[in-house]
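Below: one structure, written as structure tokens.
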Amino acid sequence: MKRKLLSTTLLATAIISLVSCGEKKSVPTVEMGCANPVIWADVPDMSMMRVGDSYYMSSTTMHMNPGVPIMKSNDLSNWKIVGYAYDKLGDIEQTMLLNGKNTYGKGSWASCIRYVNNKFFVSTFDQVTAKTYFFTTDNIESGKWERHEFEPSLHDHTVVFEEDGHVYMINGNGKIFIREIEPDFSGVKPNTEKVLIENAGLPAGEDLMLGAEGSQMFKINGKYYLFNICWPRGGMRTVICHKSDNLFGPYEGKVVFQDQGVAQGGLIDTPDGQWFAYLFGDRGAVGRIPYIVPVVWENEWPVLGVDGKVPDTLNLPKSTGLIPGIVDSDDFDNQQPKLVWQWNHNPVNELWSLTERPGFLRLKTDRIDTLFTQSRNMLTQRTFGPQCSGSISLDVTNLKDGDIAGLALLAGQFGYVGVKCDGDKKSIVMVDNQFEGEPDPNRPFGMPKGVPHEVETVPFDGATVFFKADCNFENRVDTAYFQYSLDGKEWKNIGHTLQMRYNLDHFMGQRYALFNYSTKQPGGYADFDWYKVSYK
């Protein structure tokens, strides 16, 4: 590794944000040996930068709101959510779950995070609104985001801020394009689109089932490095890097990493001059999870991994776990849900409250829904590996006939445990929409959709009930078990094992969800006293 790379990196471009560390400070001894993956939870399509001693990362959460989570770390090992770029992108039928429409598997995808002239920039795109978005703020942790949007929707783009003030956006699939963006982020400058690389996947071969995409551009020591992923047929997701002395090329490309399908991401440096690559791997029902691999430099090329492999441990501080930074328990004693929560699609704010009954989350209904996945105001957060447990305390006193409320594992193939009202009777039910049969070979990751059915029903005449869902993602077992309790102490199994799967219909990892929906008459409500999450 060449230390001069750090000293000569161009800060103004903000393609990697490098800020002087100032004088050295004494720090306490930290136990080293961070384990891969650094986050065993669904945090895909990461974009990362460093500002001084702080690292910031944005990621994809698609149909969840608020959207584009912003995470912070001081050591690349321990991360916490500090905010989101937006509350919602637009109220349309798909985002509001109206008339049977939804935006599952779509929404906003891969973002790009940058820091330029004391200002933070996050860009993303959305397939449903068909727009590209820029969000800007002076304070990434507590400032207000200013929003800019334009058409078209530019898939998996990367943004380049040049020293002369010009801003460019690069993206594509196989054929990579570059175009200049208006200074006010109002759109693409007319007649500026050009082909940057004709066939970016070629270094990995000619037979690709996924052309080069997921562009991320970095300017280091005056040279431009473009990272993309591709997928050779019969192989695995592969990292390709193209290098040039000029933004507009010509570019020379090579395969720089190919191990365990860990790919898509880019480069990040530390204040003391170390280099790493941040990437993610598809890991079954828990989702697409982040890995970090060391990088050294040879002949001005980044060399990723340890002997070309993902190391099990890193020379970084040990992780203290994902609780409370990425997932967390909640007593619902504040006026807003904690930052770890996201709503499934756009929330209807009039139908939830943390103040009508202080210390409780109240979810109300105002319409009839026949499909669980079309019900509104599900409050969700990530599951995590290798094994996790989520539980709730639920007051069902004010449910109406036809209401169902409880705790779910939300995905295209879902399962839940809840209280169901039928006339003046209540019951505890375990429901899933599993299917029988083998995977459909014509749908990568995809499976045929099942029909929801009640696996087990238990009579219930109380007011408060406790539910729990335990998940096992170790070695991609991807199983979950539901339990209920009448006193919060003695737990009983209900239903059968839920075989969780990662399907393209939702395109994200399994999530815990608190829900209440009506199948007969609106107007009922459920009160959630607390949610607890733990490693199991």
Side-chain angles (χ1 to χ4, degrees), residues 97 100 344-345 348 351-353 357 360-380 390-435 449-470 480-488 490-500 510-531:
L97 293 170
N344 177 29
H345 288 67
V348 182
L351 299 180
W352 68 271
S353 175
R357 185 181 180 185
F360 287 78
L361 167 69
R362 176 165 291 176
L363 296 181
K364 300 177 279 188
T365 66
D366 73 338
R367 72 177 191 183
I368 295 173
D369 286 302
T370 57
L371 293 176
F372 168 72
T373 50
Q374 287 296 120
S375 59
R376 297 189 293 188
N377 277 24
M378 286 191 208
L379 189 61
T380 81
S391 57
I392 63 169
S393 172
L394 174 63
D395 184 339
V396 295
T397 303
N398 295 289
L399 296 187
K400 287 193 172 186
D401 182 23
D403 286 359
I404 307 173
L407 173 67
L409 286 167
L410 176 63
Q413 187 169 316
F414 61 81
Y416 66 74
V417 59
V419 171
K420 175 182 178 181
C421 288
D422 188 3
D424 59 356
K425 295 181 180 180
K426 295 187 179 75
S427 58
I428 297 172
V429 296
M430 185 267 170
V431 172
D432 74 20
N433 70 334
Q434 288 190 145
F435 55 85
K449 291 184 178 180
V451 177
H453 64 285
E454 293 183 10
V455 178
E456 185 176 352
T457 302
V458 178
F460 176 70
D461 60 3
T464 300
V465 64
F466 305 85
F467 294 131
K468 183 189 294 185
D470 296 337
Y481 311 86
F482 292 96
Q483 295 178 300
Y484 73 94
S485 174
L486 303 182
D487 59 8
E490 181 181 351
W491 293 90
K492 296 181 179 180
N493 295 326
I494 185 170
H496 60 199
T497 302
L498 176 69
Q499 184 61 60
M500 300 179 288
Q510 211 93 19
R511 293 178 75 97
Y512 284 117
L514 314 186
F515 69 92
N516 175 36
Y517 73 103
S518 175
T519 63
K520 294 181 181 179
Q521 57 175 312
Y525 58 87
D527 287 338
F528 296 81
D529 189 5
W530 47 255
Y531 169 84

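Keep in mind that this is a model prediction, so the values were computed, not measured.
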- Check Leu407 against Phe467 and note the closest heavy-atom contact, atom names and distance. CD2-O, 4.0 Å
- Could you check if a side-chain atom of Met430 sits within less than 4.5 angstrom of a side-chain atom of His496, using non-hydrogen atoms only? yes
- Message: With a 4.5 Å cut-off on side-chain heavy atoms, are Ser391 and Trp530 touching?
- Response: yes
- Hey, are Arg376 and Asp366 close enough for a salt bridge, meaning a charged N less than 4.0 Å from a carboxylate O? yes
- Message: In the structure I gave you, are the side-chain heavy atoms of Lys492 and Ile428 within less than 4.5 Å of one another anywhere?
- Response: no
- Query: If only atom types and distance count, is the side chain of Ser485 paired as donor or acceptor with the main-chain N or O of Glu490 below 3.5 Å?
  - Reply: yes
- Query: Hey, are Tyr525 and Asn398 close enough side-chain-wise for a donor-acceptor pair under 3.5 Å?
  - Reply: yes
- Using modelled atom types only, decide if a donor and an acceptor are shared between the side chain of Tyr416 and the backbone of Ala513 within a distance under 3.5 Å. no
- Correct closest heavy-atom pair for Asn516 and Ala405 would be OD1-CB, 3.6 Å
- Query: Is the Phe515 to Phe372 ring centre distance short of 6.0 Å?
  - Reply: yes
- Item | Within 6.0 Å of NZ in Lys520, more than 12 heavy atoms from elsewhere | yes
- Query: Is there a side-chain contact between Phe460 and Val396 (heavy atoms, below 4.5 Å)?
  - Reply: yes
- Query: Considering only heavy atoms from C-beta outward, does the side chain of Asp432 approach that of Gln499 to under 4.5 Å?
  - Reply: no
- Short question: side chain of Asp470, backbone of Tyr481 - any donor-acceptor pair under 3.5 Å? no
- Task: Report, as yes or no, whether the 6.0 Å neighbourhood of atom CG on Asp461 holds more than 12 heavy atoms from other residues, nucleotides or ligands.
- Result: no
- Task: Identify which one of Asp403, Asp369, Thr365, Asp401 satisfies the side-chain hydrogen bond (donor to acceptor under 3.5 Å, both in side chains) criterion when paired with Ser518.
- Result: Asp403
- Pairwise distance CG(Leu514) to CG(Asn344) - rounded to 0.5 angstrom: 12.0 Å
